[in-house]
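See below for the structure under consideration.
Hydrogens, waters and symmetry mates play no part in the numbers below; they use all other heavy atoms, side chains included. We're numbering straight along the sequence, starting at 1. We count ligands from 1, going down the list as the structure has it; atoms in each ligand are counted the same way.
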Amino acid sequence: MERHTSAATARDDNPDPNVVEISLRAAPTELEYVPGRRTQAWAYNGAVPGPMIRAKVGDEIVVHFSNGLPEATTIHWHGLRVPASMDGTAMMQDPVQPGSTFDYRFTALDAGTFWYHPHMHSDVQVDKGLYGTIVVDDPSAPAVPAVVDEMVVLDDVHLDGPSSGSPMGMGRMSMGQDGDFVLVNGARANVEISVRAGEMRRWRIVNTANARFFRLALSGGTMLRIGGDAGLLAQPEPVSEMLLVNGQRADVLVYVNQPKTTAVLQALPYDRGMGSMGGMGRMGGMGSMGGMGRMGTISSEIIDLVRMVANGDPIARPGILPERLRTVSAAAQAVRARSFRLGARMSPSGWTFSINGSVWPNVPLVESSLGDTETWQVVNETGMDHPFHLHGFFFWVRGRQEWMDTVNVPASATVELQPYFDARPGAAGSWMYHCHILEHAEGGMMGEVRVR
Ligand code: C2O
Ligand code: CU
């Protein structure tokens, strides 16, 4: 396996082919993301990303979790329709204290690409390296002519040490900072792989960064998007570029067009709006290290993430990709409409973030009923983008004609989404919705929907 392929798959300790039973331990560890630069990280089973959990639709997943961290934690299964009691928020479970254990148990209901991460103190815990991926396969899905099916997990980090560009804590107090180095599967970008021209690879791209948006393009190659947060799309769509915000996933097929050329997966510049808020935003350059880093929120340079170098003979032609991948139906008629106004305010103690004028945990409870579809108007009253995420249920995004669990709400824009509160076993309970820039969530932009 090449270096950029995903972290090892978690060891399945259960011989039953329909049960995936694994052990995860969160603990401090020392890593060298950049050779010669040791960094204190927190990791699942010692690796960043943590082990990939691979299952098929209908499997039972059992995770024996133990907490070796110096503080309490939980695990949230981002995008999976788990029972509310397994969702990993402090509303639904007692936090797992240092030295304690908890067993998570749920059924994989949907095929697709998902991920897991803590849901306590998440701006710090996820940033320190606690995240891993989950792939659920559907054996009846149409075959995709890819030679490999691999993860491309995107993150960024601040490194320890005196030469670090980031005064500790700067990111925490502010509005969500991009790290100094961009990581691809836990290794410093830009990683190189050798391929043959025309050879299709399936990349499941996940943005696990706290705050950095990835506006992705494949220069010199072809990229087709075949899936998103909620699994396969109805049909493949060619992409020249796509924005992957925090928490989102993209399932793509990529290939190099011409022999003896190189295609590069790049992150293009993107301004998620903090610069325009004045003050805190634009600090690019200050102590930043060698190009990769940005202290501010405007990623103004192109960052090469993965280079696909095509050597040898081309493959005769890319395999046949089905024209239709599956049937996707739109949301049902909504029975209720609500609106959520996203706000931000600078105070002497730093930024606070709000929903309908209130700061979590004082955001008024939303109550919904199992089986209902609702319309949520998310109105961004701030000058920066907010990736809006709902736990436990997918929503239909009208503008995109797609089911998602995380959608960007651009600065000063409104996005209409339609959550479907499906009445599966265990779905009754409390679920969170929040901005997935984790500093914003922890800074108050978070709410609870109680479904019964
Ligand atoms: Cu990945 Cu509450 O989020
Ligand atoms: Cu936000």
**Prompt:** Quick check: does His119 have an N/O/S atom under 2.8 Å of atom 2 (Cu) of ligand 1?
**Reply:**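 So His119 counts as coordinating atom 2 (Cu) of ligand 1, yes.
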**Asked** Any N/O/S atom of His389 sitting less than 2.8 Å from atom 2 (Cu) of ligand 1, backbone or side chain?
**Response** no
**Message:** Using modelled atom types and a 3.5 Å cut-off, is there a donor and acceptor pairing between side-chain atoms of Arg249 and backbone atoms of Asp229?
**Reply:**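 Yes.
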**Message:** Among the N, O or S atoms of His386, which one sits nearest to the Cu ion (ligand 2)?
**Reply:** ND1
**Message:** Tell me which N, O or S atom from His440 is the closest to the Cu ion (ligand 2).
**Reply:**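 Per the distance ranking, His440 contributes ND1 as its closest N/O/S atom to the Cu ion (ligand 2).
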**Asked** Is the shortest heavy-atom distance from the side chain of Val366 to the side chain of Ser368 under 4.5 Å?
**Response**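 Contact flag for Val366/Ser368 side chains = yes.
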**Request:** Please tell me if the side chains of Glu374 and Phe395 come closer than 4.5 Å, counting only heavy atoms from C-beta onward.
**Result:**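 Contact flag for Glu374/Phe395 side chains = no.
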**Asked** Does the shortest distance from atom 1 (Cu) of ligand 1 to an N/O/S atom of His117 fall below 2.8 Å?
**Response**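 Of the N, O and S atoms in His117, at least one lies under 2.8 Å from atom 1 (Cu) of ligand 1, which means yes.
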**Prompt:** Rounded to 10°, how big is the angle at atom 2 (Cu) of ligand 1 from His391 NE2 to His434 NE2?
**Reply:**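 For NE2 of His391 and NE2 of His434, the angle centred on atom 2 (Cu) of ligand 1 reads 110°.
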**Item:** At atom 1 (Cu) of ligand 1: angle between His436 atom NE2 and His78 atom ND1, to 10 degrees
**Value:** 100°
**Option among His64, Gln93, His76 that satisfies the side-chain hydrogen bond (donor to acceptor under 3.5 Å, both in side chains) test with Tyr104** =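 Among His64, Gln93, His76, the one meeting side-chain hydrogen bond (donor to acceptor under 3.5 Å, both in side chains) with Tyr104 is Gln93.
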**Prompt:** Can you tell which of Asp405, Asp422, Asp87 makes a salt bridge (Lys or Arg N to Asp or Glu O under 4.0 Å) with Arg81?
**Reply:** Asp422
**Asked** With a cut-off of 2.8 Å, does His436 place any N/O/S atom under that distance from the Cu ion (ligand 2)?
**Response** no
**Message:** Using a 6.0 Å cut-off, check whether atom CD of Glu367 has over 12 heavy atoms from anything other than its own residue.
**Reply:**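 More than 12 within 6.0 Å, yes.
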